[in-house]
Amino acid sequence: MKNIVALILAGGQGTRLGVLTEKIAKPAVQFGGKYRLIDFTLSNCVNSGIYKVGVLTQYKPHLLNKHIGIGKPWDLDRKDGGVTILQPYFTEKEKVWFSGTADAVYQNIEFVDEYSPEYVLILSGDHVYSMDYNELIDYHISKSALATVACLEVPLSEANRFGIMVTDLENRIVEFQEKPQKPKSNLASLGIYIFQWDFIREVLISDAKNPESSHDFGKDIIPKILETSRIFAFPFDGYWRDVGTISSYLEANLELTRPIPAFNIHDKNWRIYTHSEEMPPAYISKEAKIKNSLISEGCEIYGSIENSVISQGVEVGKGSVIKNSVIMSKVKIGDNCYIENTIIAENVIVGNSVKIGVGEFAESKLNSKIYNSEISVIGMDSIIKDEVTIGKNCVIGNEKVVDFRITLESGDYIY
């Protein structure tokens, strides 16, 4: 592992998560009660013995930078390597934003060169998965490959959502299809790549000079290097989730509450590390009822929780009922509330006798491409006052105040 540098692409805006990513980058979104999305990739690195890590940020990086800090929770506070935050910077001529995933790596060639690695591992910082990168690296070496792409078999009906790899009998990639309407394969790219550094370095320099390129690994780099015949697909059969939509985000969280979850966050041999506030143990009152849920430290629960993920420092009042929902950290929920199929972001205050996620479904009046399910979403730092009723598929923006006794029909929004 001394010969490898990992670069985590963590600059994505995550527009499909709507209000959840308006104030923060997608990799900084909370997940699973106490984690943020980037924790899973960082933890995979250290569990795999990789301690030279660059995190490439761009979109609203402040919370993400604060979360990562010097990398201590992941044992990445090291002099020889460790974690480095890499952001766009001024040059002698101009300040250039990363214009694509490949461009982000290109602009940080000097950082990688400092370590003179044999391999570079390119990772996404906004997926939930568990992967031992040693298996990927060993596979790459065994194939004498110049590039290897981690892939997962997906249902053919969903293949049009992914970059699809068409391979021969030796798993050599012979064709790449970007979100095809008529896929020739169901082998989807996970956005996880390993390259020979000397090889990809020259490819990136060449790509940067091409004004017609979008400077993206999936769209430009992978198709360009297919002609080498030394790019392979690594078949991954473990847990991996793209939580890039409101529905997939809620579903992946709720999977953790099942008796035998597909992703075992309790595995002592593959820990998920994070930087979180130290809080006292959760308090569950004698009136409380909890079923199939995750309750994080610092919580005070006086109501009923079912099939939900309750993050750190959440307060739930007497007589309140929460079902099939994700409640992020430091949310305060009053008495006699009913909340179902709802995502509530950080630091929200919900008054007494509030109802959220009730009524019949209606199409979103804000954006039906992003908000297209029964799930209602409440943005960060908002205040929902007493006796408010909010229907299904509703949206409350960040830092909004919903006044006393207002009713929002399904599909409505305050933005």
Side-chain angles (χ1 to χ4, degrees), residues 10-33 35-38 58-64 67 125-126 128 241-254 308-311 314 322 324-333 337 339-351 354-359 361-385 388-403 406-415:
Q13 184 174 352
T15 54
R16 294 180 300 161
L17 285 177
V19 70
L20 297 178
T21 51
E22 281 193 353
K23 292 182 68 174
I24 60 175
K26 183 182 173 185
V29 173
Q30 291 191 352
F31 185 88
Y35 308 106
R36 297 189 185 272
L37 291 179
I38 198 168
Q58 179 160 277
Y59 173 79
K60 296 189 176 180
H62 310 296
L63 179 58
L64 185 64
H67 178 70
D126 54 17
V128 179
R241 293 289 185 274
D242 177 3
V243 291
T245 65
I246 297 294
S247 296
S248 64
Y249 174 82
L250 180 64
E251 174 60 24
N253 269 278
L254 298 189
S308 296
V309 175
I310 310 299
S311 303
V314 171
I322 299 174
N324 305 317
S325 297
V326 172
I327 313 298
M328 297 190 193
S329 64
K330 297 184 179 179
V331 171
K332 299 184 185 300
I333 298 172
C337 296
I339 298 171
E340 186 173 8
N341 293 327
T342 298
I343 301 170
I344 301 182
E346 304 169 51
N347 305 315
V348 170
I349 298 175
V350 179
V354 171
K355 297 179 181 179
I356 307 177
V358 296
F361 170 81
E363 186 172 297
S364 175
K365 299 175 183 177
L366 176 62
N367 188 328
S368 60
K369 291 184 178 180
I370 294 177
Y371 308 103
N372 50 24
S373 66
E374 295 190 350
I375 303 165
S376 289
V377 186
I378 314 297
M380 295 173 66
D381 302 306
S382 293
I383 299 174
I384 314 297
K385 294 191 175 180
V388 167
T389 298
I390 298 175
K392 298 180 186 295
N393 198 27
C394 289
V395 185
I396 307 298
N398 295 297
E399 301 178 357
K400 301 300 179 183
V401 177
V402 184
D403 287 332
I406 281 180
T407 296
L408 265 68
E409 301 294 340
S410 294
D412 280 349
Y413 63 93
I414 295 178
Y415 217 68

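The backbone N or O of Val401 lies less than 3.5 Å from no partner atom in the side chain of Ser382, so there is not a single donor-acceptor pair. Proximity of a side-chain donor or acceptor of Ser325 to a complementary backbone N or O of Thr342 within less than 3.5 Å is detected. With hydrogens and angles disregarded, no donor-acceptor distance shorter than 3.5 Å links the side chain of Thr245 to the backbone of Arg16. Remark: the backbone N or O of Ser329 is paired with a side-chain donor or acceptor of Gln30 at under 3.5 angstrom. A donor-acceptor pair under 3.5 Å is absent between the side-chain atoms of Ser364 and the main chain of Asn372, judged by distance alone. At least one donor-acceptor pair closer than 3.5 Å links the side chain of Asn398 to the backbone N or O of Met380. Tyr249 places no side-chain N or O within donor-acceptor distance of the main-chain N or O of Ile343, the cut-off being under 3.5 Å. Distance alone, capped at 3.5 Å, is enough to place a donor-acceptor pair between the Arg36 side chain and the Ala28 backbone. Checking side-chain atoms of Ser308 against main-chain N and O of Asn324 turns up a donor-acceptor pair under 3.5 Å.
Across all non-hydrogen atoms, the minimal contact from Ser410 to Val358 is OG-O, 3.7 Å. Closest of all the heavy-atom pairs between Val309 and Asn253 is CG2-O, 3.5 Å. The shortest non-hydrogen separation linking Leu37 to Asp126 is CD1-O, 4.0 Å. Minimum heavy-atom separation, Gly357 to Lys392: O-NZ, 3.3 Å. Nearest heavy-atom pair, Lys23 versus Glu399, reported as atom, atom and distance to 0.1 Å: NZ-OE2, 2.7 Å.
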message: Using the rule given for side-chain contact (heavy atoms from CB on, under 4.5 Å), can you reason through Tyr371 versus Val19, listing the C-alpha separation, both sets of side-chain angles and the distance that settles it, and then say yes or no?
response: CA-CA 10 Å; Tyr371 308 103; Val19 70; 3.8 Å; yes
